[in-house]
Amino acid sequence: MRYPRLIINLNKIRENVRSIVSICSKFGVEVVGVTKVTCGNPVIAKLLVDSGIKILGDSRLKNIKLMKEAGVESRFMLLRIPMLSEIEEAVQLVDIFLVSEFKVVEAISRFSKSAGLKKQVIYMIDIGDLREGVWLEDSLDEIIEASKLEGIEFVGIGTNLGCYGGVIPTREKMEQLIEIKRFLENNGVKVKIVSAGNTAALPLIERNELPEEINQYRIGEAIMLGTDATNNRIIDYLNRETFILEAEIVEIKVKPSVPLGETGRDSLGRIPKFEDKGKIKRAILAIGEQDIDSKGIYPLDEKARILHASSDHLIVDINESSIDYKIGDKMSFLLNYSALLRCMTSDYVEKVFLKGDDPSG
Ligand SMILES: *Cc1c(COP(=O)(O)O)cnc(C)c1O
């Protein structure tokens, strides 16, 4: 067996998808299952589809291609605004595009039409988070123009909150989108889909505050991790232990907690902070920033504390731990979104499915 490894608990992910689909469907909200944090892992993608998800969303064409080639049967949404240079390939792989630039819609229209296809398009509107989207006031004329293009079917509008600006989705924000829908419909443009949310917007459903016009959420983090980073919470009706990282100890020594000598920056150009606790027992694990975000992993041994990581070494304070660690022992960690993202992306981390896990449910 190789280490580090990431143990994927399909049963816990399945329970998360089912809970999310069930609460969203009570509010007439269709769930797009977002696969990007797992790099489009086909086993996980199939599980989402088998658990009631009809559209999979990913930001990268390569992931969508991987899922399609592995036989995942679903409609696919491209979450990132496509690059002009990838649109010719994208019209062959993607069913629904999120867009925010007229030039891009024109290119989708052109390639789609010449391939004899018709691609669905959702216009992203920026209502304040400052990532993608046409600025609210400028959106109307542009969408009306775009909806007339051939080779595309304009199906709706969407927004993304809580990603750059960390703006919290509220009922007021949702109502701004609905105003746009009304305006467009008064101008003869049908808006079937209002794709308003990601994980950060789940509280609107939980608190029964979601306007009924909102009918699609694109959800990744809640399904995969049971957490909601924007609102800084663990979602109590979901499973948290969906992915567990294991790394192996290669050194255990008692050393001072503050470096000796003049200090500059660390190997990655950062300035680490040191707390003088005298001599402490520390373990070095064979994993590093190339595989994880060391600020986003949490030891299952609650008395262990992560001190720092360089590209290939993770240093853990085990001074207070009640476990008598030995060289070669493994330590286990939960991950946050950014650590999971890096872990799934790292070729150096083995991905294994929990034994006894039934992929068919
Ligand atoms: C990643 C992404 C999502 C999913 O967000 P989560 O916070 O993981 O639920 C939704 N929409 C877009 C456009 C995204 O890029």
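Both counts, for ligands and for their atoms, begin at 1 and track the order of listing. The shown structure was predicted, so the numbers you read here are calculated from the model rather than taken from an experiment.
- If you number the atoms of ligand 1 from 1 as listed, the ones under 4.0 Å from a heavy atom of Glu132 come out as 13 (C).
- Checked by distance only, ligand 1 and Gly220 come closer than 3.5 Å through their nitrogen or oxygen atoms.
- With sequence neighbours left out, the salt bridge (charged side-chain N to carboxylate O under 4.0 Å, His left out) criterion links Lys253 to no other residue.
- Across Ala146 and Ile152, no two heavy atoms sit closer than the pair O-CD1, 3.4 Å.
- Atoms of ligand 1 lying under 4.0 Å from at least one heavy atom of Ile219, given by number and element, are 9 (O).
- Not counting sequence neighbours, the partners of Arg270 by the salt bridge (charged side-chain N to carboxylate O under 4.0 Å, His left out) test are Asp266, Glu289.
- Each of the following atoms of ligand 1 lies closer than 4.0 Å to a heavy atom of Glu221: 6 (P), 8 (O), 9 (O).
- Distances from atom 11 (N) of ligand 1 to the heavy atoms of Arg218, Met124, Arg131 show the closest one on Arg218.
- If you look at Thr199 next to ligand 1, the close heavy atoms, those under 4.0 Å, come from the backbone and the side chain alike.
- Among all non-hydrogen protein atoms, the one lying nearest atom 12 (C) of ligand 1 is Asn160 OD1, 3.5 Å.
- Shortest contact from atom 5 (O) of ligand 1 to any protein heavy atom: Asn198 CB, 3.4 Å.
- Scanning all heavy atoms of the two residues, the minimum distance from Met344 to Lys351 falls at O-NZ, 3.4 Å.
- Salt bridge present: Glu350 and Arg2 bring a charged side-chain N and a carboxylate O closer than 4.0 Å.
- Ion pair Lys190/Glu185 flagged as a salt bridge, since at least one NZ, NE, NH1 or NH2 atom sits closer than 4.0 Å to an Asp/Glu carboxylate oxygen.
- Using a cutoff of 4.0 Å between basic side-chain nitrogens and carboxylate oxygens, Arg305 and Glu320 are not scored as salt-bridged.
- Of the candidates Met224, Lys36, Arg80, the one placing a heavy atom closest to atom 1 (C) of ligand 1 is Lys36.
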